[in-house]
Amino acid sequence: MEVVQVLHMNGGVGETSYAKNSLLQQKVISMTKPITEDAITKLYCSKYPEEIAIADLGCSSGPNTFFLVSELLKVVDSVRQKIGQKSPEYQVFLNDLPGNDFNTIFRSLSIFQNKLRKQLGPGNGPCFFTGVPGSFYGRLFRKNSLHFVHSSYSLHWLSQVPQGLESNKRNIYMASTSPPDVLKAYYVQFQKDFSLFLKCRSEEMVDGGRMVLTLLGRRSDDPSSKECCYFWELLAMALSDMLVEGLIEEEKLNSFNIPMYTPSPAEVKYEVVKEGSFNIARLEVTEVNWNAYQDETDLSDAFKDGGYNVAKCMRAVAEPLLASHFGEGILDEVFRRYREIISDRVSKEKNEFVNVTVSLIKA
């Protein structure tokens, strides 16, 4: 699997699109807002720069792309007005892999810019947007050109499926039944990728620049613990049922593995300290319910079904990976089964995603 070519969220604005099924990711951005606000405020107040270059890495498409940018600019504008500073100019870089739906982003850009101008009022500096397709596991920007870097729910994706997963049969990710060598292979790939990410960003960021990263992670020391692997195990269950019924091939299932690693806070800290380019300002863990609509009101009957909500969210994320490996013909059926399995589980137990957020300062 060529991850760079295949990995992207579902594009467009249809029923299975990421744009229509990313409320959970928006809630995570909102939950980590105090950390992000603290970082951008301290960055601005340290030097009062005349221009601020911001990069959102793994920006995807849909409302969350502009939601994050809007929040950052509003914080800076509020601070600069209080102290009587002239507004800086902003350069915003939106990065994701080449398969990302950049067209949807830029078709809605003028609407967002008009809305932002009204929110911030007169006196706010201009804001320029640039799309940057490419992997963040490599250099993307000029040296010493970025002031603030943000990434939410992207860095747990690996640059490639780890080598040596042949023994991980009937699993599609790390699982309770995965052999130790599989768990080690995933961890080694994470170490390699995360270290390279930090090295690249250290070259691109100015001294004193700030970076806030939120990854899907875990509290446990066990990389195959239920808190980080369960939702993939349930998808593997749906695929295994289809294998038994002859709807997919055994070789196809055994050779499919998700290119992701969900680190613990200790693992994130270890890599940051080892790489050496950044100091840790904050390292925090939060949780969010699998069902993003859990506490929402005035829902239609469909959205009152937790299994329906979780399956739609997961489909928007995982569909391109499944389609490239198994073909598009299985998608409706596998997610129908997944919805049934999820509905059964969420009715019996509370399940949450664990988020690891780290705020870094370029040394």
Novice: State yes or no: do Leu198 and Val188 share one hydrophobic cluster built from I, L, V, M, F, W and Y residues joined by side-chain heavy-atom distances below 4.5 Å, directly or via other members?
Specialist: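 Different hydrophobic clusters.
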Novice: When you measure from the side chain of Ser151 to the backbone of Leu57, do you find a donor-acceptor pair of N or O atoms at a distance under 3.5 Å?
Specialist: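 Present.
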Novice: Could you give the distance from CG (Asn171) to CD1 (Ile258), rounded to the nearest 0.5 Å?
Specialist: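 Between Asn171 CG and Ile258 CD1, I get 11.5 Å after rounding to 0.5 Å.
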Novice: Checking Leu322 against Leu239 for the side chain to side chain contact (heavy atoms under 4.5 Å, CB included) test, could you report, in this order, the C-alpha distance in whole Å, the side-chain angles of both residues, the deciding distance, and whether it holds?
Specialist: CA-CA 10 Å; Leu322 288 163; Leu239 289 166; 4.3 Å; yes
Novice: Nearest 0.5 Å, what's the CZ-OG distance between Phe190 and Ser195?
Specialist: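 These two atoms lie 10.0 Å from each other.
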Novice: I'd like to know whether Tyr137 forms a side chain to side chain contact (heavy atoms under 4.5 Å, CB included) with Lys192, so could you lay out the CA-CA distance, the side-chain angles of the two residues, the decisive distance to 0.1 Å, and finally the verdict.
Specialist: CA-CA 10 Å; Tyr137 294 123; Lys192 177 182 175 183; over 6 Å; no
Novice: Do Tyr338 and Val334 touch side chain to side chain, with heavy atoms closer than 4.5 Å?
Specialist: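 Not touching, per the 4.5 Å side-chain cut-off.
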Novice: Checking Asn279 side chain against Ala363 main chain: does a donor-acceptor pair fall under 3.5 Å?
Specialist: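 Checking the backbone N and O of Ala363 against the side chain of Asn279, no donor-acceptor pair under 3.5 Å is found.
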Novice: Do Leu216 and Val354 have side chains that get closer than 4.5 Å, going by heavy atoms?
Specialist: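 Answer no - side chains too far apart.
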Novice: Tell me, yes or no, whether the heavy-atom count around Gln81 atom CD, taken from other residues, nucleotides or ligands under 6.0 Å, exceeds 12.
Specialist: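 Atom CD in Gln81 is crowded, with more than 12 foreign heavy atoms closer than 6.0 Å.
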Novice: Leu158 and Gln189: which non-hydrogen atoms are nearest, and at how many Å?
Specialist: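 Distance-wise, the nearest heavy atoms are CD1-CG, 3.9 Å.
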Novice: Look at the side-chain heavy atoms of Ile, Leu, Val, Met, Phe, Trp and Tyr, link any pair under 4.5 Å apart, and say whether Val244 and Ile330 land in one connected group.
Specialist: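 Different hydrophobic clusters.
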Novice: With side chains defined as the heavy atoms from C-beta onward, is the minimum distance between Ser176 and Glu233 less than 4.5 Å?
Specialist: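 Result yes, sub-4.5 Å side-chain heavy-atom pair found.
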Novice: The test is side chain to side chain contact (heavy atoms under 4.5 Å, CB included); show your working for Leu73 and Cys127 and say whether it passes.
Specialist: CA-CA 9 Å; Leu73 268 58; Cys127 185; 3.7 Å; yes
Novice: Determine whether more than 12 heavy atoms belonging to other residues, nucleotides or ligands lie under 6.0 Å from atom NZ of Lys184.
Specialist: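 For Lys184, atom NZ is not crowded (no more than 12 foreign heavy atoms under 6.0 Å).
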Novice: Below 4.5 Å, heavy atoms only, C-beta onward: do Arg337 and Leu247 meet side chain to side chain?
Specialist: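 Of all side-chain heavy-atom pairs linking Leu247 with Arg337, at least one is under 4.5 Å.
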Novice: Within a strict 4.5 Å, meaning less than it, do heavy atoms of the Ile54 and Val69 side chains meet?
Specialist: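 The answer is no; the side chains never approach within 4.5 Å.
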Novice: Please answer whether the main-chain N or O of Glu203 pairs with a side-chain N or O of Lys143 as donor and acceptor at a distance below 3.5 Å.
Specialist: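 Such a contact is absent between Lys143 side chain and Glu203 backbone.
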Novice: Tell me whether Glu275 is salt-bridged to Lys199, with the criterion being a basic N under 4.0 Å from an acidic carboxylate O.
Specialist: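 No, Glu275 and Lys199 are not salt-bridged.
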Novice: What pair of heavy atoms forms the shortest contact from Gly164 to Asp181, and how long is it?
Specialist: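 Gly164 and Asp181 have their closest heavy atoms at O-OD2, 4.0 Å.
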Novice: Any carboxylate oxygen within less than 4.0 angstrom of a Lys/Arg side-chain nitrogen, looking at Arg336 and Glu333?
Specialist: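 Yes, this pair counts.
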Novice: Return the minimal non-hydrogen interatomic distance between Leu116 and Ser70, and the atom names on each side.
Specialist: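 Minimum heavy-atom separation between Leu116 and Ser70: CD1-OG, 4.1 Å.
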Novice: Would you tell me whether Tyr261 and Glu267 have side-chain atoms, one donor and one acceptor, within less than 3.5 Å of each other?
Specialist: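 Judged by distance alone, the side chains do pair up.
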Novice: Is the Tyr44 ring parallel, tilted or perpendicular to the Tyr48 ring (thresholds 30°, 60°)?
Specialist: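 Tyr44 and Tyr48: perpendicular rings.
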Novice: Minimum heavy-atom separation for Asp96 to Cys59, with atom names?
Specialist: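 For Asp96 versus Cys59, the nearest heavy atoms are OD2-N, 3.4 Å.
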Novice: Would you say Glu249 has more than 12 foreign heavy atoms packed within less than 6.0 Å of its CD?
Specialist: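 No, the 6.0 Å shell around CD holds no more than 12 heavy atoms from other groups.
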Novice: Are the side chains of Tyr90 and Leu72 in touch, meaning some heavy atoms are under 4.5 Å apart?
Specialist: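 In short, these two side chains do not touch, never coming nearer than 4.5 Å.
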Novice: Starting at CD of Gln91, measure out to NE2 of His147 and round the result to the nearest 0.5 Å.
Specialist: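 The distance works out to 11.5 Å.
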Novice: Take the angle between the ring planes of His325 and Phe256 and call it parallel below 30°, perpendicular above 60°, tilted in between.
Specialist: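 Taking Phe256 first and then His325, their aromatic rings sit tilted (interplane angle of 30° to 60°).
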Novice: Identify, with sequence neighbours excluded, every residue that meets side-chain hydrogen bond (donor to acceptor under 3.5 Å, both in side chains) alongside Asp221.
Specialist: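 Asp221 satisfies side-chain hydrogen bond (donor to acceptor under 3.5 Å, both in side chains) with no residue once adjacent residues are dropped.
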Novice: Within a radius of less than 6.0 Å around CD of Glu51, do more than 12 heavy atoms belonging to other residues, nucleotides or ligands occur?
Specialist: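 No.
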Novice: Please work out which of the three classes, parallel, tilted or perpendicular, describes the rings of Phe197 and Phe194, given edges at 30° and 60°.
Specialist: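 The arrangement is parallel - the two ring planes meet at less than 30°.
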Novice: Go through Phe93 and Leu146 one step at a time and tell me if the side chain to side chain contact (heavy atoms under 4.5 Å, CB included) criterion holds.
Specialist: CA-CA 9 Å; Phe93 297 103; Leu146 299 178; 3.8 Å; yes
Novice: Is it possible for you to say whether Val206 and Phe148 belong to one hydrophobic cluster, with membership spreading through side-chain heavy-atom contacts below 4.5 Å?
Specialist: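 Unlinked, Val206 and Phe148 end up in two clusters.
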Novice: Quick one: does Arg218's side chain have a donor or acceptor within less than 3.5 Å of a partner on Asp222's backbone?
Specialist: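 Checking the backbone N and O of Asp222 against the side chain of Arg218, a donor-acceptor pair under 3.5 Å is found.
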Novice: State yes or no: do Ile361 and Val273 share one hydrophobic cluster built from I, L, V, M, F, W and Y residues joined by side-chain heavy-atom distances below 4.5 Å, directly or via other members?
Specialist: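 No, separate clusters.
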Novice: Applying the 4.5 Å side-chain criterion to the ILVMFWY set and letting contacts propagate, would Phe128 and Phe141 be lumped into a single cluster?
Specialist: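 Phe128 does not cluster with Phe141.
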Novice: Would you compute the distance between atom CG of Leu213 and atom CE of Met211 and round it to the nearest 0.5 angstrom?
Specialist: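 Going from CG on Leu213 over to CE on Met211, the span is 4.5 Å.
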Novice: Parallel, tilted or perpendicular, judged at 30° and 60°: which one describes the rings of Phe66 and Phe129?
Specialist: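 The arrangement is perpendicular - the two ring planes meet at more than 60°.
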Novice: Do Tyr173 and Leu235 come close enough that some side-chain heavy atom pair is under 4.5 Å?
Specialist: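 With C-beta onward as the side chain, the pair stays apart.
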Novice: Could you check whether Asn355 and Thr214, counting side-chain N and O atoms only, form a donor-acceptor pair closer than 3.5 Å?
Specialist: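 Absent: no donor and acceptor within the cut-off.
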Novice: Taking all atoms of both residues into account, what is the closest heavy-atom pair of Gly208 and Leu43, and its distance?
Specialist: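 Scanning both residues, the minimum pair turns out to be O-CD1, 3.9 Å.
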Novice: I want to check something: taking the side chain as every heavy atom from C-beta on, are Tyr186 and Leu165 in contact at a cut-off of under 4.5 Å?
Specialist: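 They are in contact (side-chain heavy atoms under 4.5 Å apart), so the answer is yes.
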Novice: If we ignore hydrogens and angles and just use 3.5 Å, is the side chain of Ser78 paired with the main-chain N or O of Lys74 as donor and acceptor?
Specialist: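 Pair absent, no side-chain N/O of Ser78 close to backbone of Lys74.
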Novice: Can you tell me how far CD1 of Ile52 sits from NZ of Lys47, rounded to the nearest 0.5 angstrom?
Specialist: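 One finds 11.5 Å between NZ of Lys47 and CD1 of Ile52.
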Novice: Can you confirm whether Phe106 is buried at CZ, in the sense that more than 12 heavy atoms of other residues, nucleotides or ligands lie under 6.0 Å from that atom?
Specialist: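 More than 12 heavy atoms, drawn from other residues, nucleotides or ligands, come within 6.0 Å of this atom.
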Novice: Nearest 0.5 angstrom please: Arg282 CZ to Asp38 CG, how far?
Specialist: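 CG of Asp38 is found 5.0 Å from CZ of Arg282.
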Novice: A quick test of your reading: do over 12 heavy atoms of other residues, nucleotides or ligands sit less than 6.0 Å from NZ of Lys269?
Specialist: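 No, because the 6.0 Å sphere around NZ of Lys269 holds 12 heavy atoms or fewer from other groups.
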Novice: Taking all heavy atoms of Ser178 and all of Asn168, pick out the closest pair and write down the distance.
Specialist: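 In terms of heavy atoms, the two residues are closest at OG-OD1, 2.7 Å.
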